[in-house]
Peer 1: 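Handing you this structure, nothing more for now.
Numbers restart at 1 for each chain; the letters A, B, ... are given by sequence-line order, proteins then strands. Computed from heavy atoms alone, side chains included, the values below leave out hydrogens, waters and symmetry copies.
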Protein chains: 4
Amino acid sequence: MSTSNDSGDAAPRFHTDTFEKMGPARREALLSVALGEFAANGFNGTSINALARKAGVSIGALYSYFPSKEDLFLTVVGMGRSLLAEALADLDPGEPFMDVYASLVRKARDYARANPELNLVYLDATTQGLRHLSSRLSGSLETLTVDFYYRAIAAAVERGELRRGLDVGAAAFCLDNILLLFQFSFASDYFRDRLRLFLGLGEGGALDEEAVMAAIVDFARRALRA
Amino acid sequence: MSTSNDSGDAAPRFHTDTFEKMGPARREALLSVALGEFAANGFNGTSINALARKAGVSIGALYSYFPSKEDLFLTVVGMGRSLLAEALADLDPGEPFMDVYASLVRKARDYARANPELNLVYLDATTQGLRHLSSRLSGSLETLTVDFYYRAIAAAVERGELRRGLDVGAAAFCLDNILLLFQFSFASDYFRDRLRLFLGLGEGGALDEEAVMAAIVDFARRALRA
Amino acid sequence: MSTSNDSGDAAPRFHTDTFEKMGPARREALLSVALGEFAANGFNGTSINALARKAGVSIGALYSYFPSKEDLFLTVVGMGRSLLAEALADLDPGEPFMDVYASLVRKARDYARANPELNLVYLDATTQGLRHLSSRLSGSLETLTVDFYYRAIAAAVERGELRRGLDVGAAAFCLDNILLLFQFSFASDYFRDRLRLFLGLGEGGALDEEAVMAAIVDFARRALRA
Amino acid sequence: MSTSNDSGDAAPRFHTDTFEKMGPARREALLSVALGEFAANGFNGTSINALARKAGVSIGALYSYFPSKEDLFLTVVGMGRSLLAEALADLDPGEPFMDVYASLVRKARDYARANPELNLVYLDATTQGLRHLSSRLSGSLETLTVDFYYRAIAAAVERGELRRGLDVGAAAFCLDNILLLFQFSFASDYFRDRLRLFLGLGEGGALDEEAVMAAIVDFARRALRA
DNA sequence: CATGAATGAGTATTCATTCAT
DNA sequence: AATGAATGAATACTCATTCAT
């Protein structure tokens, strides 16, 4: 799996050649508007015509860039994967695992803060009503993450940091579940409220993010330590 | 819990009086079809007219039961909450905590198996595009769960089962994150694939649910033990 | 008038026998609500179901009183004719004509003030979209008025008050045109604005009704005097 | 008048830019069908879908020309105002006033004959149920007319044609009331019957329009003469 | 390549009327 | 006689997509 990333499963492309010839500024503007619309209204709730108007792109042009609404959506969803890949690339899976997870938690928070809309689009794509869409993505969006967890955890077990006999898959699953919903808490109104409810915060109470992140990492450390 | 449910937070009603006068068979049929449609297509992807036809109910009748599509959807979402409340009511928060969590994990699996559609509707309601809908629910759907975790964990800390100084809110958050996405894995195609990816299962591989549940409970036990 | 009314053209009835057996209070309430709704929203803009609810009458009952929405509307329109007949009955066509017309103008004002809704319903019935409705009324709503004008003008010409050779029909037409639109000015927002525009009144200006009525009567007097 | 039309009070526009780009033939056809439908059935009684079909325009196209049914209706009502403005522009308010009024009466008859539907739409717009529509028109539809009367009457009083001390507003109101309902008599079934009733014409009797117009002008002349 | 006018099936919702109770 | 649940055609309007210019 180590090299498999480069090989077969390159991220699929949902746009036309014409799209690649766009000026970068126009392209960024279009993708940015699309992201905003899909994030705010969901796939079904977004009007392609309104989106095109807001982006200053004619409908005809938009359809010359993307064969369909679905393809534009999938392109936008794919942007999230790219950013995630970059984020993971910064991390060294060879470092002490709990440092890695702590970085991951912090990065997740920062990423969700900086790109809440990507999280919202991801959440929407996750929905059963859009299963025919997410199935067009080559494999799950999580392939990268899973791969990363596996390598980091395996190395840490090897080094004796984490307990032997650990079920790597299940552990990664638990760690990522915690992380994913924590991440959503910074993007989605619903999951923000949920986190605050768990933390016992009322309407006005301030969220101590550092404390939450520390608690999460501590929870994970105890669960995994040798 | 016995009384606290009955007290203040009565679930809001989104249906008319006429709905309550329906014959139970017709009512069940209608709700069941509605659940199925919303689960399969999402709120925005579901056509009220098609739904009515499938349920064998005239459009006019449907609108005499629910003021709007939104209200029908919220009624369906509310059904999930009721079932959840029943499930939690079976559990004794006074038992050893890890037994309670193990039961919870198993119940979540059973519930998701039995009512995958409720999970799918919940996931849809969670979506940012439907925030105006979920905000009509009195408080989060999770209020019950949070409440339950708090009481069970507090009692366990009291008994010395779980470590003192535990951040109850954060711990409950972690435990529920693990549980929620595990639960989704039995309802949503997307999250099923994600779980299998984490477990390293290919297309044909069989999922050993018991092993996963055991691993999850073990993960939690180590994280929390005194 | 004394006999001709009773003979052929009795006002047609649009209600059922059941309607006549209603308690007077309920009947008044129903007619009053119906008048209000039709006046405010027009025939096509009024919902029979909403009307019944507001009147505290079940839909079934309402349909036992009136065969259709049309018949209820025509009944309401007929109420206006009855009130008009009463008003005319108070006048003595043998008095000096200009006194009669002055009384008529004043009565029209008072009537429109007291029953603006009847005027609005009349206006609606007048509309081409409802011609199949107004044609169901036996003859025009104006039969009474025309009859009254003829007798009063003829008598006045006879007495030498008004000029010989007067075209009675055309004169009555002119007099009634002035009167009718003046009357509407007290019921309809549109015609109120129109009158004020003619009088040069801005937003805040107060309307001197007495002066207007005097001017109207003076206009008529000069037009008709011997 | 020559310039005053061009100046301040531009008629509000209720259509989109796209509408202005239509081919003139298609545009005329659409407006003509819309006028016919609204005239025949009233605003509330007209179906936009049926209208579009009759006009040979797709529903989508129609909604690209007008934001809503209301806007199409107001456009049609506005056509009447334009034609009225043209008609008034032909008249010279400096001529002997009774000649002017005679011309006005004749023009009103001709206009109502040629464009009965515009009168019917005007009548519908006048209805209380559509007050929210007529209030969207900038000022009353009558502004032009009032203005014209004022100037013509004032000039005639100045010239000594009409009596000093005349209440210009009230006189104009009376004159226009007579004219307006006379005009309606050529468009509306209801008001046609009413006129015939006043003139004592039975089913078959022929209406001597010239005599009526002469009588109306004579009525007015006597009412106003110096 | 770009434009945006055009399409028309599809949407949620209303409402006059019927009829079983 | 009274009720009000049920009906379903009809309504105004939307929107993904096509295609002539």
Side-chain angles (χ1 to χ4, degrees), chain A residues 16-19 21-22 26 43-53 57-72, chain B residues 16-19 21-23 26 43-53 56-72, chain C residues 16-19 21-22 26 43-53 57-72, chain D residues 16-19 21-23 26 43-53 56-72:
Chain A
T16 62
D17 290 347
T18 313
F19 179 65
K21 294 177 198 147
M22 281 181 87
R26 259 172 74 85
F43 176 78
N44 277 316
T46 293
S47 156
I48 278 286
N49 293 40
L51 189 161
R53 198 178 328 109
V57 161
S58 76
I59 305 170
L62 194 140
Y63 270 86
S64 79
Y65 303 143
F66 302 97
S68 72
K69 184 185 183 182
E70 289 199 3
D71 292 277
L72 173 54
Chain B
T16 63
D17 289 349
T18 310
F19 178 67
K21 293 177 200 146
M22 281 182 88
R26 254 172 80 83
F43 177 78
N44 277 317
T46 293
S47 156
I48 276 286
N49 291 36
L51 189 162
R53 194 167 47 254
V57 161
S58 76
I59 304 169
L62 195 145
Y63 272 87
S64 79
Y65 303 142
F66 302 97
S68 70
K69 185 185 182 183
E70 287 199 3
D71 292 275
L72 173 54
Chain C
T16 63
D17 290 347
T18 313
F19 178 66
K21 296 179 197 145
M22 282 182 86
R26 259 172 74 86
F43 176 77
N44 276 315
T46 293
S47 156
I48 277 287
N49 294 40
L51 189 162
R53 198 180 326 111
V57 162
S58 76
I59 304 170
L62 194 140
Y63 270 85
S64 79
Y65 303 143
F66 302 97
S68 72
K69 184 185 183 183
E70 289 198 2
D71 293 277
L72 173 53
Chain D
T16 63
D17 289 349
T18 310
F19 178 67
K21 294 178 200 146
M22 282 182 88
R26 256 173 78 85
F43 176 78
N44 277 316
T46 293
S47 156
I48 277 286
N49 291 36
L51 190 163
R53 195 167 47 254
V57 161
S58 76
I59 304 169
L62 195 146
Y63 273 89
S64 79
Y65 303 142
F66 302 97
S68 71
K69 185 186 182 181
E70 287 199 3
D71 292 275
L72 174 53

Peer 1: For residues C/K69 and C/F43, report the shortest heavy-atom separation together with the two atoms involved.
Peer 2: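 Heavy-atom minimum between the residues: NZ-O, 2.9 Å.
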Peer 1: Figure out the CD1/P separation between D/I48 and E/dG10, and round it to whole Å.
Peer 2: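 In whole Å, E/dG10 P lies 21 Å from D/I48 CD1.
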Peer 1: To check you understand the geometry: which heavy-atom pair defines the closest contact between D/R26 and D/V57, and what is its length?
Peer 2: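 Here D/R26 and D/V57 meet closest at NH2-CG2, 3.9 Å.
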Peer 1: When we call it a touch if two heavy atoms are under 4.0 Å apart, what does A/T16 touch: a base, just sugar-phosphate, or nothing?
Peer 2: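 It contacts nothing in the nucleic acid.
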Peer 1: For A/R53 and F/dC15, what is the distance between atoms CZ and C1' respectively, to the nearest whole Å?
Peer 2: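 Rounded to whole Å, this separation is 11 Å.
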Peer 1: Mind checking C/K21 for me? I need base, sugar-phosphate or nothing, with any heavy atom below 4.0 Å counting as a touch.
Peer 2: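 Nothing, no heavy atom under 4.0 Å.
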Peer 1: Give a yes/no on whether any side-chain N or O of D/T18 is located under 4.0 angstrom from OP1 or OP2 of E/dA5.
Peer 2: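 True: D/T18 side-chain N/O within range (under 4.0 Å) of E/dA5 OP1/OP2.
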Peer 1: How many Å lie between CG on B/D71 and C1' on E/dT13, as a whole number?
Peer 2: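 It works out to 13 Å between those atoms.
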Peer 1: Rounded to whole angstroms, how far apart are CG on C/N49 and P on F/dA6?
Peer 2: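 After rounding, the reported distance stands at 14 Å.
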Peer 1: What is the distance from NZ of B/K69 to C1' of F/dC13, rounded to the nearest Å?
Peer 2: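 After rounding, the gap between these two atoms is 15 Å.
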Peer 1: Between D/T16 (side chain only) and D/F66 (backbone N and O only), is there a donor and an acceptor less than 3.5 Å apart?
Peer 2: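 Answer holds: no.
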Peer 1: If you assign B/G56 and D/N44 each to the DNA chain F nucleotide with the nearest heavy atom, which residue ends up on the more 5' nucleotide?
Peer 2: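 Nearest nucleotide further toward 5': that of B/G56.
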Peer 1: Choosing from F/dA12, E/dT7, E/dA2, which nucleotide comes nearest the side chain of A/S58?
Peer 2: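 Minimum distance to the A/S58 side chain belongs to E/dA2.
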Peer 1: Within this structure, what is the CZ-to-P distance between D/F43 and F/dA12, rounded to whole angstrom?
Peer 2: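 Taking atom P of F/dA12 as the reference, CZ of D/F43 is at 8 Å.
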Peer 1: Considering every strand and a 4.0 Å limit on heavy-atom distances, what is the contact class for B/Y65: base, sugar-phosphate, or nothing?
Peer 2: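 Sugar-phosphate contact only - B/Y65 comes under 4.0 Å of backbone atoms but never of a base.
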Peer 1: On DNA chain E, nearest-nucleotide positions of B/P67 versus D/V57: which is more 5'?
Peer 2: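 Between the two, 5'-proximity favours D/V57.
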Peer 1: Would you say D/S68 reaches F/dA12's phosphate, i.e. side-chain N/O to OP1/OP2 under 4.0 Å?
Peer 2: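 Looking at the OP1 and OP2 atoms of F/dA12, neither is under 4.0 Å from any side-chain N or O of D/S68.
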Peer 1: Under a 3.5 Å limit for both distances, which nucleotide forms a Watson-Crick or G-U wobble pair with E/dT21, could you say?
Peer 2: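 Because both required distances fall under 3.5 Å, E/dT21 counts as paired with F/dA2.
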Peer 1: Heavy atoms only, 4.0 Å cut-off, all strands: where does B/I59 land among base, sugar-phosphate and nothing?
Peer 2: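 It contacts base atoms.
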Peer 1: With nearest nucleotides of DNA chain E determined for B/A61 and A/R26 from heavy-atom distances, which residue corresponds to the more 5′ nucleotide?
Peer 2: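 Going by which nucleotide is closer to the 5' end, it is A/R26.
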Peer 1: Looking at D/S64, does any N or O in its side chain come under 4.0 Å of the phosphate oxygens OP1/OP2 on E/dA5?
Peer 2: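 So the side-chain polar atoms of D/S64 never come under 4.0 Å of the phosphate oxygens OP1 or OP2 of E/dA5.
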Peer 1: Please give, in whole Å, the distance from F/dT7 P to C/Y63 OH?
Peer 2: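 After rounding, the reported distance stands at 18 Å.
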Peer 1: If you measure from CD1 on C/I59 to CD1 on C/I48, what distance do you get to the nearest 0.5 Å?
Peer 2: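 If I round to the nearest 0.5 Å, the distance is 9.5 Å.
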Peer 1: Nearest whole Å is fine: how far is F/dC15 P from A/E70 CD?
Peer 2: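 Going from A/E70 (CD) to F/dC15 (P), I get 17 Å.
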Peer 1: What are the two closest heavy atoms between C/T18 and C/S64, and how far apart are they?
Peer 2: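 Answer, listing the atom of C/T18 first, then C/S64: CB-O, 3.5 Å.
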